[in-house]
Structures are given as C-alpha cells and as structure tokens.
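What follows is a set of notes on a single structure, which appears directly below.
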Amino acid sequence: MRCFKNALAYVAGKGIVRTDIAFDAKIRSIGNADGDEIELPRGVLVAPAFIDGHIHGAGGADAMDGTLDALGAIADTLAREGTARFCATTMTQSKDNTLAALAAVKAYRAQNRSDGAAIIGVHLEGPFLSDKRAGAQPREYIVKPDIALFDEYSRASGGCVKQITIAPETDGAFELIRHASARGVVCSIGHSDATYAEARRAAECGARCVTHTFNAQSPFTHREAGVAGAALLTDATYAELIADGIHVSVPAIKLLLKNKPTDKLVLITDSIRAKGLRDGESELGGQKVFVKNGAARLGDGTLAGSVLKMNDAVKLLVDECGADLTRAIDCATVNPANNLGIAENYGSIATGKAADFVVLDDGLDVLMTVRDGEIIYSKL
C-alpha cells in the first residue's frame with residue numbers, strides 16, 4: 001500500500017481538501033491513511049489523472065502507424081502531461097490502413113502494460129464524414145455511413161470502439177447512430193455540415209457528443225444555428241473542446257463555459273505526432289503538416305490537429321477563460337469519463353476507483369502521474 005500524507009487533493013464530493021489517500025491499484029481509503037508515503041512538495045495539488053478521448057498521436061508517433069511501438073510512444077508522451085488514459089483516435093484513411101491500426105490497438109491492450117498511459121479504447125474519427133467539412137481528413141477516403149463496415153472495424157479493435165465521429169446529414173447516418181448507440185458506442189457529431197434540425201435529430205437517435213466544437217462543422221448564424229448552435233443549446237449533449245486558443249478563441253470558449261452544463265464540457269487535445277517535438281515539418285494521414293508557434297497546419301493553412309498538452313488546456317480555462325480550477329479539472333477528468341461510460345472506475349478521486357492521479361504545481365505544470373497505483377511519470 002502507498003499513500004499521500006496530508007496532501008492537498010481534489011476529492012470527489014468534497015472539493016479541494018487536505019487529506020491522506022491510501023492506494024494500491026485502487027484507492028483504498030481517504031483520510032487517516034497508512035502506507036509507504038510518496039513525499040510531495042508543500043503546496044502541490046493531487047488531482048484525478050486526465051483522460052483524453054480524442055488524440056491521434058504524440059512523441060513522433062500516430063495511432064494510424066499501426067504498430068505497438070507507436071502506441072507505446074504515444075502512451076509515454078501523454079503520461080508527461082498528466083494523462084493516464086486515452087482513446088487511440090483513427091482518422092479517415094483506407095480500409096486496410098484502418099484495420100491495421102485497430103488490430104494494433106487490440107494487440108497493445110492485450111499486453112496490459114503498466115508503463116505510460118493506458119488505452120481505454122478507440123475513437124473512430126471517420127470515415128463517415130462530410131467532404132464539405134473534411135478539415136484535415138483526406139476526402140478521398142470519406143464514405144457513406146455503413147453499419148457492416150462499422151461492425152467490421154469494431155471486431156478488428158476487439159470490441160473496444162468507444163466513440164465514433166459521424167456527419168448526421170449523410171445518407172444512412174441516423175441508422176448507424178441508432179445501431180452504434182445501442183451497442184454502447186458514443187456517437188459524436190463532427191466534420192459535419194448538418195443543419196441545426198439535423199443535429200438535433202441525431203441527438204434524438206442517440207448521438208450524445210459534438211466533436212471538437214466549432215471546428216469542422218456548420219457554424220452558428222442568426223438564420224441557421226448549425227451544429228455549433230445545437231452544441232450550445234442541447235444540454236444533454238457533451239461538447240468536445242480543443243482549448244489551445246488557436247482552434248477556438250477565448251471568447252468562444254467563454255461562450256461554451258457559460259452555455260454548457262458544468263458536466264458536459266470535455267477537454268480533448270486532438271494532438272498529432274508532432275506533439276512533444278520541435279516546430280517544423282510533420283505528417284498526418286499521409287499529408288505534410290507544418291508546426292509553428294503551437295499551431296499545426298496543412299500547406300494550405302488548414303488546421304491539422306494540435307500539439308496541445310492536456311494540462312495546458314486546463315491552464316487556459318483557468319488563466320484566460322476565468323473557469324474555477326475544479327471545473328477546469330472536471331473537464332479533463334470526470335466529464336470525459338462520463339461521456340465514455342467509464343466513470344464508475346475512473347475520472348475522480350474516490351474510494352474504490354482506480355488510483356489514477358496527477359500532481360500539479362501552482363502553475364498547473366505536471367510533477368507526477370500515477371496510473372493504477374504506479375508512478376508512470378515523475379520529475380520530483
């Protein structure tokens with residue numbers, strides 16, 4: 001048994017309090033806990049470890065590489081930013097490439113590795129998207145929604161598809177949303193030119209999330225509210241957010257914070273292989289990407305994912321958008337856990353849940369990350 005003694009911690013139902021936490025793979029007790037103490041500097045905060053439900057790559061690797069080494073490099077890089085669990089996110093690519101990537105995730109998860117962040121499942125970002133809102137997704141591989149193809153992808157992953165991004169205005173989308181939702185998969189509206197009415201109908205069919213809100217979707221206007229308007233007005237729907245100040249401006253983030261229920265905003269990084277590397281040329285889906293001053297773009301200027309770290313997303317909500325610290329942390333922990341249906345075990349500090357922690361200094365920089373009771377990153 002290990003423990004934090006007299007630590008300042010964000011505990012579920014209690015807020016930020018000074019307490020003891022005893023844990024092995026799970027949190028065994030909170031308050032008056034015994035065990036081998038992990039000594040922490042005074043003034044740091046123990047929070048739930050972050051969960052990233054939409055991340056393509058990091059550390060020079062991409063989930064579409066389709067190798068165990070690539071997934072391991074991503075997992076190790078994410079641990080440094082306080083993320084203990086993530087969805088390996090595919091992109092719109094050929095069927096063969098997608099099947100290879102999904103098979104690699106299945107094999108990686110079967111290893112039950114204790115190092116780095118854990119892969120909780122797959123986020124299929126495509127191929128059932130709108131070519132009008134493709135963004136950095138290769139248009140030549142976009143296809144119409146196909147239940148049989150979705151099922152084939154699900155089997156290839158070992159049944160671990162957690163989320164799928166889909167454009168609801170495309171032929172067959174509502175049928176696929178009903179099918180996937182009935183199997184516990186989060187259907188997320190994204191890369192979509194849907195009208196407000198189509199987005200609301202998708203929600204009625206089972207869609208419960210909007211992918212990287214405001215990006216690669218029909219915008220809000222005074223005559224047609226679009227997908228962005230549906231994200232703002234549909235309280236039951238989770239809204240993903242890339243909080244880097246590049247994909248979404250600070251005023252627009254404030255609008256989301258003001259309009260969404262506190263438990264429905266989900267921070268994601270949508271990061272690519274260039275995260276953790278120097279500025280320069282990188283790659284996404286066979287396309288050249290150029291990274292400069294924190295922005296990743298295709299040659300034509302289109303944003304192509306991000307190089308955002310999750311702790312920096314939390315920091316931006318607090319420092320530039322005026323969010324309470326606990327709400328900002330929730331957006332990176334319990335909210336994504338609830339969206340993905342894993343909150344019973346992850347996303348908050350509570351007795352019986354997985355011992356997943358991030359230790360943050362007063363500038364919200366990561367000092368330590370713990371997963372299942374094991375230290376997977378430390379600079380202490």
Side-chain angles (χ1 to χ4, degrees), residues 50-67 70-75 77-78 81 83-94 97-106 108-109 116-129 134-138 141-142 150 153-154 156-158 160-167 180 185-191 209-213 215-216 238 240-242 244 247 266-276 282-287 289 296 303-310 313 332 336 339-340 342:
F50 304 137
I51 298 169
D52 194 345
H54 186 159
I55 181 260
H56 296 276
D62 190 291
M64 291 302 299
D65 291 345
T67 69
L71 294 171
I74 297 168
T77 304
L78 293 187
E81 63 194 64
T83 296
R85 303 190 187 268
F86 70 102
C87 283
T89 304
T90 62
M91 68 178 300
T92 302
Q93 256 292 342
S94 70
N97 286 349
T98 303
L99 287 171
L102 296 172
V105 171
K106 178 182 178 181
Y108 187 90
R109 281 166 48 85
I119 298 178
I120 53 177
V122 168
H123 179 162
L124 287 171
E125 192 177 14
F128 312 122
L129 310 178
Q137 302 277 342
Y141 297 115
I142 291 174
F150 167 79
Y153 285 161
S154 179
S157 75
C160 76
V161 174
K162 288 288 187 182
Q163 183 166 325
I164 179 172
T165 293
I166 186 169
V185 176
V186 175
C187 292
S188 190
I189 302 167
H191 289 277
C209 187
V210 174
T211 295
H212 41 52
T213 306
N215 289 279
Y238 290 86
E240 287 186 354
L241 172 65
I242 309 171
D244 60 359
H247 284 78
V266 173
L267 288 176
I268 60 166
T269 65
D270 195 16
S271 67
I272 62 173
R273 71 170 75 245
K275 175 159 70 173
S282 188
E283 180 273 346
L284 178 67
Q287 307 163 103
V289 174
L303 284 169
S306 85
V307 292
L308 177 66
K309 297 188 295 183
M310 187 62 84
N339 180 45
L340 295 167
I342 60 172

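Under the 4.5 Å side-chain criterion, counting only non-hydrogen atoms from C-beta, Val105 is in contact with Cys160. Ser188 is listed as a side-chain neighbour of Thr211, based on a closest heavy-atom distance under 4.5 Å. Two residues are said to be in side-chain contact when any heavy atoms from C-beta on lie closer than 4.5 Å; Met91 and Asp62 fail this criterion. Using a 4.5 Å cut-off on side-chain heavy atoms (C-beta onward), Leu78 and Lys275 make contact. The shortest distance between side-chain heavy atoms of Leu308 and Asp270 does not fall below 4.5 Å. Counting heavy atoms from C-beta on, the side chains of Ile242 and Ile268 come closer than 4.5 Å. Proximity of Phe86 to Ile120: side-chain heavy atoms (C-beta onward) are nowhere separated by under 4.5 Å. For the pair Ile142/His191, no side-chain contact is recorded, criterion being any heavy-atom separation below 4.5 Å from C-beta on.
By the ring pair (Phe, Tyr, Trp, His ring centres under 6.0 Å) test, His54 is found to be paired with His56, His123, His212, residues two or more places apart in sequence or in another chain being considered. Listed by chain and number, the residues in a side-chain contact (heavy atoms from CB on, under 4.5 Å) with Lys106 amount to none (sequence neighbours excluded). Applying the side-chain contact (heavy atoms from CB on, under 4.5 Å) test to Ala332 and every residue at least two apart in sequence or in another chain returns Phe50, Leu267, Met310, Val314.
With respect to Val122, the side-chain contact (heavy atoms from CB on, under 4.5 Å) criterion is satisfied by exactly one of Thr89, Val185, Leu102: Leu102.
Counting all heavy atoms, side chain and backbone alike, Ala274 lies closest to Ser282 at CB-OG, 3.6 Å. Tyr153 and Val161 make their closest contact through O-CG2, 4.5 Å (heavy atoms, listed as atom of the first residue, atom of the second, distance). For Ala63 against Ala101, the heavy-atom pair with the smallest separation is O-CB, 3.5 Å. Counting all heavy atoms, side chain and backbone alike, Ser154 lies closest to Ser157 at O-OG, 2.8 Å. The two residues Leu303 and Ala136 make their nearest non-hydrogen contact at O-CB, 3.7 Å.
Note that the CD1 atom of Ile272 and the CD atom of Gln287 stand 10.0 Å from one another [nearest 0.5 Å]. To the nearest 0.5 Å, the span separating CD1 on Ile74 from CG on Asp65 amounts to 7.0 Å. Note: Thr67 OG1 to Tyr108 OH = 10.5 Å, rounded to the nearest 0.5 Å. Going from atom NZ of Lys309 over to atom OG1 of Thr269 covers 12.0 Å, rounded to the nearest 0.5 Å. Once rounded to the nearest 0.5 Å, the distance linking CG of Asp52 with CD of Glu240 reads 9.0 Å. For the atom pair Ile55 CD1 and Ser306 OG, the distance stands at 8.5 Å (nearest 0.5 Å).
Arg109 places a side-chain N or O within 3.5 Å of a backbone atom of Ile119 that can act as its donor or acceptor partner. Proximity of a side-chain donor or acceptor of Thr77 to a complementary backbone N or O of Ala73 within less than 3.5 Å is detected. The closest donor-acceptor contact from the side chain of Ser271 to the backbone of Gly57 lies under 3.5 Å. Looking at Gln163, its side chain never comes within 3.5 Å of a backbone N or O of Leu340 through a donor-acceptor pair.
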Applying side-chain hydrogen bond (donor to acceptor under 3.5 Å, both in side chains), run through Thr98 and Thr90 and close with a yes or a no.
CA-CA 7 Å; Thr98 303; Thr90 62; 5.9 Å; no

